[in-house]
2 protein chains.
Amino acid sequence: MLNYSPDQENLPLPAANLQTLARWLKALSEPKRLLLLDRIIQGVQCNCELGDELDMAPNLISHHMSVLREVGLVNAERDPFDGRWVYYSINRTALDQLNAVFGDFFTPERIQPRRLTCGPQAIASNQTRNT
Amino acid sequence: MLNYSPDQENLPLPAANLQTLARWLKALSEPKRLLLLDRIIQGVQCNCELGDELDMAPNLISHHMSVLREVGLVNAERDPFDGRWVYYSINRTALDQLNAVFGDFFTPERIQPRRLTCGPQAIASNQTRNT
DNA sequence: AGAATAGTTCAACATACGTTGAATTATATT
DNA sequence: AATATAATTCAACGTATGTTGAACTATTCT
């Protein structure tokens with residue numbers, strides 16, 4: 001289906017999206033959290049196994065996972081048969097939104113040339129205009 | 001003193017790994033840096049003007065821009081006619097790499113179901129196998 | 001040469017954050 | 001009921017980081 005809404009490619013991004021994006025990026029900017037997320041995406045979702053693979057203490061994993069959960073990027077659920085185990089998984093909705101917002105922000109199509117409202121050219125054109 | 005030659009190709013190129021992505025995300029995870037980058041992408045590239053629009057002290061802008069420069073995401077160059085002015089711009093090569101690496105990591109196609117190598121199911125299947 | 005302008009670097013501070021080990025909770029087994 | 005197991009929360013620590021004002025550089029103008 002074609003999108004007939006006005007082209008918004010060159011408009012400033014909504015401030016709310018910037019804040020949301022910053023929140024997500026902050027949660028993702030920690031190397032070990034990226035590693036954890038990588039394993040989770042690839043199907044390693046048990047706390048204990050993550051600890052084994054990445055050589056991290058269980059409480060550290062809990063901490064990093066809570067950060068990822070607070071920003072909505074991952075879900076956590078207990079095993080229905082043995083509630084002592086917890087499984088993490090990617091929140092598919094959040095992932096889609098992350099990709100959308102990130103793509104909107106970093107798309108090369110948004111790049112615009114420098115505005116000549118500052119620096120010597122601007123001063124020169126001002127003087128031209130005023131004389 | 002910083003080197004103001006246009007540095008399009010200054011990137012160390014171990015791009016496809018997690019550490020590079022983490023480095024980029026860390027630089028981008030600071031809200032004001034995201035704001036700065038947003039303005040720069042949209043053509044506001046003079047230090048003084050960035051300070052006006054975002055109400056930030058010039059030394060703060062310098063600091064944040066140096067972080068973005070260190071990870072290769074932005075270039076800085078002095079005005080050829082009046083060297084007192086500095087213009088920032090996004091490093092197109094780095095932007096493309098960022099989009100590629102980010103896309104590779106966060107594509108939904110990578111998502112895999114949970115491996116049953118942990119938790120009660122794994123134990124049960126082990127016991128089944130061993131008896 | 002000296003003053004002025006645009007940016008950068010430095011020093012200092014407060015806060016945020018990752019890490020660790022111990023204590024605690026939740027759930028299951030005996 | 002008591003013990004064991006998986007995970008979380010808590011307290012403490014050191015380091016990293018954003019912010020500020022002052023000093024400094026680089027460059028231009030008079």
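Within every chain, numbering begins at 1; the chains are lettered A, B, ... in the order of the sequence lines, protein sequences first and strands thereafter.
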Trainee: What string of B, S and - do you get for nucleotides 16-22 of chain C, 5' to 3', when a contact is any protein heavy atom under 4.0 Å?
Mentor: -SSBBBB
Trainee: Select from B/Ile61 and A/Gly83 the residue whose nearest nucleotide in DNA chain C is closer to the 5' end of that strand.
Mentor: B/Ile61
Trainee: Taking CD from B/Glu70 and C1' from D/dT17, how many angstroms apart are they, rounded to a whole number?
Mentor: 13 Å
Trainee: So, does A/Tyr88 get its side chain near the phosphate of D/dT8, meaning an N or O under 4.0 Å from OP1 or OP2?
Mentor: yes
Trainee: Side chains of A/Asp79 and A/Tyr87: do they bring a donor and an acceptor to under 3.5 Å?
Mentor: yes
Trainee: Atom pairs, N/O to N/O, protein against nucleotides 2-5 of chain D, distance under 3.5 Å?
Mentor:
from  : atom 1 : to      : atom 2 : distance (Å)
D/dT5 : O4'    : A/Arg84 : NH1    : 3.4

Trainee: Considering only heavy atoms from C-beta outward, does the side chain of A/Cys48 approach that of A/Trp85 to under 4.5 Å?
Mentor: yes
Trainee: Check the surroundings of atom CD in B/Gln19: do more than 12 heavy atoms from other residues, nucleotides or ligands lie under 6.0 Å from it?
Mentor: no
Trainee: Heavy atoms only, 4.0 Å cut-off, all strands: where does A/Tyr87 land among base, sugar-phosphate and nothing?
Mentor: nothing
Trainee: Would you indicate whether the side-chain heavy atoms of B/Pro108 and A/Asp96 approach each other to under 4.5 Å?
Mentor: yes
Trainee: May I ask you to say whether A/Arg110 pairs ionically with A/Asp104, meaning some side-chain N is under 4.0 Å from a carboxylate O?
Mentor: no
Trainee: D/dA26 P sits how many Å from B/Phe81 CZ, rounded?
Mentor: 23 Å
Trainee: Rounded to the Å, how far apart are A/Leu68 CG and D/dT8 P?
Mentor: 12 Å
Trainee: Write down the distance between CG (B/Asp82) and C1' (C/dT5), rounded to a whole number of angstrom.
Mentor: 9 Å
Trainee: Say you draw a straight line from CG of B/Leu18 to CG of A/Leu34; how long is it, rounded to the nearest 0.5 Å?
Mentor: 6.0 Å
Trainee: Would you indicate whether the side-chain heavy atoms of B/Leu28 and B/Val71 approach each other to under 4.5 Å?
Mentor: no
Trainee: For B/Glu77 and C/dA6, give me the distance from atom CD to atom C1', rounded to whole Å.
Mentor: 16 Å
Trainee: Let me confirm one number: the CG-CG distance from B/Asn75 to B/Asn91, rounded to the nearest 0.5 Å.
Mentor: 4.5 Å
Trainee: Mind calculating the distance between CD (A/Gln45) and P (D/dA7) to the nearest angstrom?
Mentor: 13 Å
Trainee: In whole angstrom, give the distance that lies between atom CE of B/Met65 and atom P of C/dG7.
Mentor: 12 Å
Trainee: Can you name the one residue among A/Trp24, A/Phe102, A/Phe106, A/Phe105 that meets ring-ring contact (aromatic ring centres under 6.0 Å, His included) with B/Phe102?
Mentor: A/Phe102
